[in-house]
Asker: 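Below is a structure I'd like to ask you about.
None of these values were measured; they are calculated from a predicted model.
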Amino acid sequence: METVWTIGYGADHWAEFLGRLEPWRFTHLVDVRTNPYSRYQEDFRGEDFAHKVQAAGMKYVFMGDRIGGKPTWPEVHTEGVLDRDKLAKDARFIQGIEAVMKAAESTDRRMCLMCGCAQPHECHRGRILGESLRLRGLELVHILPDGSTAPQSETRLWAGLDQGSLF
């Protein structure tokens, strides 16, 4: 089973964020923010951020236009709210997921999906991407704000996606 990692910068500054990435020796950092910009964190804005990633020895790849958590495509919304079921069936989203799957198969790549939300169970990394990739047989591991890791199965519990019956 192939493994893909995820991370969110949350309240980190660049040095803290990079410190959480470095032990894993990623070759690719895949930005899955719909808009590669942060209102709150200057270190994570657009081209400046891409240059920082490259200077740290990783390839920066933007995929938020296909697998971002806030798509503007009207056909994936119901009454103005993102509909996860519609998104999961959307051709653009599926193409993005398939691109991640194909990249994960490569033996010369070690990639990490990244967005702004610190906690994967509160974010589309765990709720949407994690589930789409898990259903396709890919192992997802989330790097948490304290540097520890959690598998997608644990994130499912935190998000209430695996609520079993008490009886």
Asker: Could you tell me how the ring of Tyr9 sits relative to the ring of Phe17: parallel (under 30°), tilted (30 to 60°) or perpendicular (over 60°)?
Answerer: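 Geometry flag for Phe17 against Tyr9: perpendicular rings.
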
Asker: Any salt bridge between Arg66 and Glu98, counting N to O under 4.0 Å?
Answerer: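 Salt bridge between Arg66 and Glu98, a charged N being under 4.0 Å from a carboxylate O: no.
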
Asker: Working to the nearest 0.5 angstrom, can you tell me the gap between Thr34 OG1 and Phe62 CZ?
Answerer: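 These two atoms lie 7.0 Å from each other.
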
Asker: Would Ile128 and Leu138 show up in the same hydrophobic cluster when neighbours are defined by side-chain heavy atoms closer than 4.5 Å?
Answerer: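 Yes.
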
Asker: Looking at every non-hydrogen atom in both residues, tell me the closest pair between Arg125 and Cys115 and how far apart they are.
Answerer: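 For Arg125 versus Cys115, the nearest heavy atoms are NE-SG, 3.2 Å.
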
Asker: For residues Glu16 and His13, report the shortest heavy-atom separation together with the two atoms involved.
Answerer: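 Answer, listing the atom of Glu16 first, then His13: OE1-N, 2.7 Å.
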
Asker: Tell me whether Tyr60 shares a hydrophobic cluster with Val32, the cluster being built from Ile, Leu, Val, Met, Phe, Trp, Tyr side chains joined at under 4.5 Å.
Answerer: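 Tyr60 does not cluster with Val32.
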
Asker: Spell out, yes or no, whether Leu133 and Ile94 are grouped together once hydrophobic residues are joined by side-chain heavy atoms under 4.5 Å, including indirect joins.
Answerer: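 Leu133 does not cluster with Ile94.
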
Asker: Could you grab the distance from atom CG of Leu29 to atom CE of Met111, nearest 0.5 Å is fine?
Answerer: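 So the CG of Leu29 and the CE of Met111 are separated by 11.0 Å.
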
Asker: Within this structure, what is the CZ-CD distance for the pair Arg136 and Glu2, rounded to the nearest 0.5 Å?
Answerer: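 Result: 15.0 Å between the selected atoms.
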
Asker: What's the shortest heavy-atom distance between Asp43 and Phe49, and which atoms?
Answerer: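 Answer, listing the atom of Asp43 first, then Phe49: O-CD1, 3.4 Å.
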
Asker: Which distance, rounded to the nearest 0.5 Å, do you find between the CZ of Arg39 and the CZ of Arg45?
Answerer: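 Arg39 CZ to Arg45 CZ: 10.5 Å, rounded to 0.5 Å.
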
Asker: Hey, quick one: are Val61 and Ile143 part of the same hydrophobic cluster, counting side-chain heavy atoms closer than 4.5 Å, chains of contacts allowed?
Answerer: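 Val61 and Ile143: separate clusters.
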
Asker: Crowded around Gln54 CD? As in, over 12 foreign heavy atoms under 6.0 Å?
Answerer: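 Yes - once you tally the heavy atoms of other residues, nucleotides and ligands closer than 6.0 Å, there are more than 12.
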
Asker: Find the distance between CG (Asp65) and CE (Met63) and round it off to the nearest 0.5 Å.
Answerer: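 Between Asp65 CG and Met63 CE, I get 7.5 Å after rounding to 0.5 Å.
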
Asker: Could you grab the distance from atom CD1 of Ile67 to atom CG of Asp31, nearest 0.5 Å is fine?
Answerer: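 Output value for this atom pair is 9.5 Å.
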
Asker: Do you reckon Phe44 sits in the same ILVMFWY cluster as Leu21, going by side-chain contacts under 4.5 Å, direct or chained?
Answerer: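 Yes, same cluster.
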
Asker: Taking all non-hydrogen atoms of both residues, which atom of Thr78 and which atom of Asp83 are closest, and how far apart?
Answerer: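 Result for this residue pair: OG1-OD2, 2.9 Å.
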
Asker: Might you point out which heavy atoms bring Leu140 and Gly130 nearest each other, and give the distance in Å?
Answerer: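 Looking at all heavy atoms of both residues, the closest pair is CD2-CA, 3.3 Å.
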
